[in-house]
Amino acid sequence: MPQLTRHPAWTSLQEQIAPALETPIKSLFSDPDRFDKYSLKVQNILLDISRNPINDGVMNLLLQLVREAGIEQWRERMFEGDIINSTEQRAVLHTALRNRSGTPVLVRGKDVMPVIDHELKRIRVFVNAVRKGRWRGHSGKRITDVVNIGIGGSDLGPRMVTQALKPYADDTLRVHFVSNMDGVEIANVLRELNPERVLFVVASKTFTTSETITNAETARNWLMASSFDRRAVAKHFVAVSSNVEAVKAFGIAPENIFQMWDWVGGRFSLWSAIGLPIALYLGFRQFEELLQGAHDMDLHFRNAPLERNAPIWMALTTLWNSTFLGRSSQAILPYDWPLQKFSAYLQQAEMESNGKSVDRDGNPVPYSTGSIIWGQLGIDGQHAFYQYLHQSNTIVPADFIGSIESSTPVQGHHEKLMANFFAQTEALMAGISADDVRRDLTAKGMAADEIERLIPHKVHRGNRPTNTLLLDRLDPRTLGALIALYEHKIFILGVIWDICSFDQWGVELGKTLAKNILPELQSGEIKPDHDDSTRNLMQYFVEKRRQLHSEG
Ligand SMILES: O=P(O)(O)OC[C@H]1O[C@](O)(CO)[C@@H](O)[C@@H]1O
């Protein structure tokens, strides 16, 4: 498979860079059909990409490029369970986890749907038992609180979704999340809980992740300290993992282990038993709705023509803005309070997947790959970093996500929120010229010399690209579709960039070094083979710590 730069469309697109940078986006709207051409409705999501520096010629070339990169073949290979995670020799089948169509999916000739359905059934039975009070704590009390212990993909998905769908939860169970190695987090969570009524879900695909195992051990000690016998673990701990032996060694009974498989990447795993906290919190039916929404998006991605295919559009706008126009970051800006964690979730999904610099064959790629994903709730961001978005010299393409109906309507709020939503994307594209500033200030009666002094500060150059995603409302099905939309975008970009989006070797080196450093911090004997800075800092840490301890 040739690298991106060898495709004919790559060369043609290079010639389009200068004109795209010189052409104001708003001038592209001289085409009266632009909005219709560059917006589409998929499930309950209206996607508008018209405010990007992309004209019809560029769009055609981008579509040619994605075809030349073999997206149609790669897409089928993914859905069909082919081994496309080449460095780990694995299939990539988060789509099978939400396959509601009843069709088989073969991995190395074996249908994986029966094991997926079996595990889903186990989740349903377990969730119903806990929620209805048939599954009780060791002392016979009803479970009231679920604590998910996991990190990265074993945390961010369930954490984001449970928050996003809070309006759909009842009062049956509370959920809490512990991911951080800093003991402050677990201490804060445990302080609020009654050990007789807690269910811990230890979520770790590998069950070797040091943060998770450390937190799980602390939770188990806390449980034991409250005068329970060891058998209590069976009623208060379940695990989700593909490493059954390690979970058993930890002391969790085999019947309390929910399975995941090596063909599910951690950051794509909320559709598996990693979603257990979601199902416990919302009930199994709502979890199924989430799966259904994602499956509907899968069908759209698989079947809609590339010309009007939402994940393809999302990928192409990012590709054009980043690899071609050099805009290396992308802001995710939800105007839906429940989507608070959405940018953090996408940060892992996209940056862990596409932050690569060699192609599938290990050759360096001569172009930038994955964007820097960041963001927060848009309305709060307006009072924090939007100044930068509007007037700095760095252009940050942004996705604006809002809903037509609030999932928790409160009189007088939603229109005001959405007025800001529409205003910001309009301002980012259109800006305000010196003439307009002059006219405004003159109308306000300001003195001419004062006006001229202020003009350069008040001008907004505009021309900043945005995508708008307008949801009917943030319900489980729509959220499922929204997440799947971004997952496919990530996949498509990986195909175009010719990188392996499904491994994450870049997280390993730091983990290995931390393992080596730990005994040195514990013993206080710092080895000479660190670089000077690391050695001196560790030495300072050890000595200062000793001193602080001795001072009490
Ligand atoms: O589920 P596990 O195996 O504990 O891994 C947690 C996270 O750690 C990572 O491997 C990165 O360190 C992620 O890819 C993963 O989501």
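Worth knowing before you read on, the calculation uses all heavy atoms, side chains too, and leaves out hydrogens, waters and symmetry mates. Order of listing sets the numbers, starting from 1, for every ligand and every atom in it.
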statement: Closest heavy-atom approach to atom 13 (C) of ligand 1 among Glu352, Arg267, Met260, Lys511 is made by Glu352
message: For Arg477, run the side chain to side chain contact (heavy atoms under 4.5 Å, CB included) check against Glu289, His295, Met297 and tell me which one passes.
response: Glu289
- prompt: If you count the atoms of ligand 1 from 1 in the order shown, which ones are under 4.0 Å from a heavy atom of Gln504?
  reply: 14 (O)
task: Give a yes or no on this: more than 12 heavy atoms of other residues, nucleotides or ligands lie within 6.0 Å of atom CZ of Arg285.
output: no
Which segment of Lys205 sits under 4.0 Å of ligand 1 when only heavy atoms are counted: both
field: Nearest neighbour in protein (non-hydrogen) for atom 3 (O) of ligand 1
entry: Thr206 OG1, 2.6 Å
task: Say whether Glu508 and ligand 1 are in contact under the criterion: heavy-atom distance to a ligand atom below 4.0 Å.
output: no
- prompt: So which protein heavy atom does atom 7 (C) of ligand 1 come closest to, and at what separation?
  reply: Ile151 O, 3.6 Å
task: Using distance alone, determine whether Gly153 and ligand 1 share an N or O pair under 3.5 Å.
output: yes
task: From the options Arg75, His94, Arg98, select the one residue that forms a side chain to side chain contact (heavy atoms under 4.5 Å, CB included) with Asp298.
output: Arg98
- prompt: Quick one: does Thr212 get an N or O within less than 3.5 Å of an N or O on ligand 1?
  reply: no
- prompt: What do we get for Val507 next to ligand 1 when only non-hydrogen atoms under 4.0 Å count, side chain, backbone, both or neither?
  reply: side chain
task: Measure from the ring center of Phe385 to the ring center of Trp374 and say whether it is less than 6.0 Å.
output: yes
- prompt: Which protein non-hydrogen atom lies closest to atom 1 (O) of ligand 1, naming both residue and atom, and how far is it?
  reply: Ser154 OG, 2.6 Å
message: Does this structure show an ion pair linking Arg131 with Asp170, if we count only N-O contacts that are shorter than 4.0 Å?
response: yes
query: Between Glu80 and Arg302, is there a salt bridge with N-O shorter than 4.0 Å?
result: yes
query: Do you know which of Tyr345, Phe342, Phe268 makes ring pair (Phe, Tyr, Trp, His ring centres under 6.0 Å) with Tyr486?
result: Phe342
- prompt: Can you tell me the protein heavy atom closest to atom 5 (O) of ligand 1 and the distance?
  reply: Thr209 OG1, 3.5 Å
- prompt: Which ligand 1 atoms, with their elements, are less than 4.0 angstrom from a heavy-atom of Ser204?
  reply: 1 (O), 2 (P), 3 (O), 4 (O)
message: If the test is side chain to side chain contact (heavy atoms under 4.5 Å, CB included), which one of Val130, Ile252, Val202, Leu276 qualifies with Val238?
response: Leu276
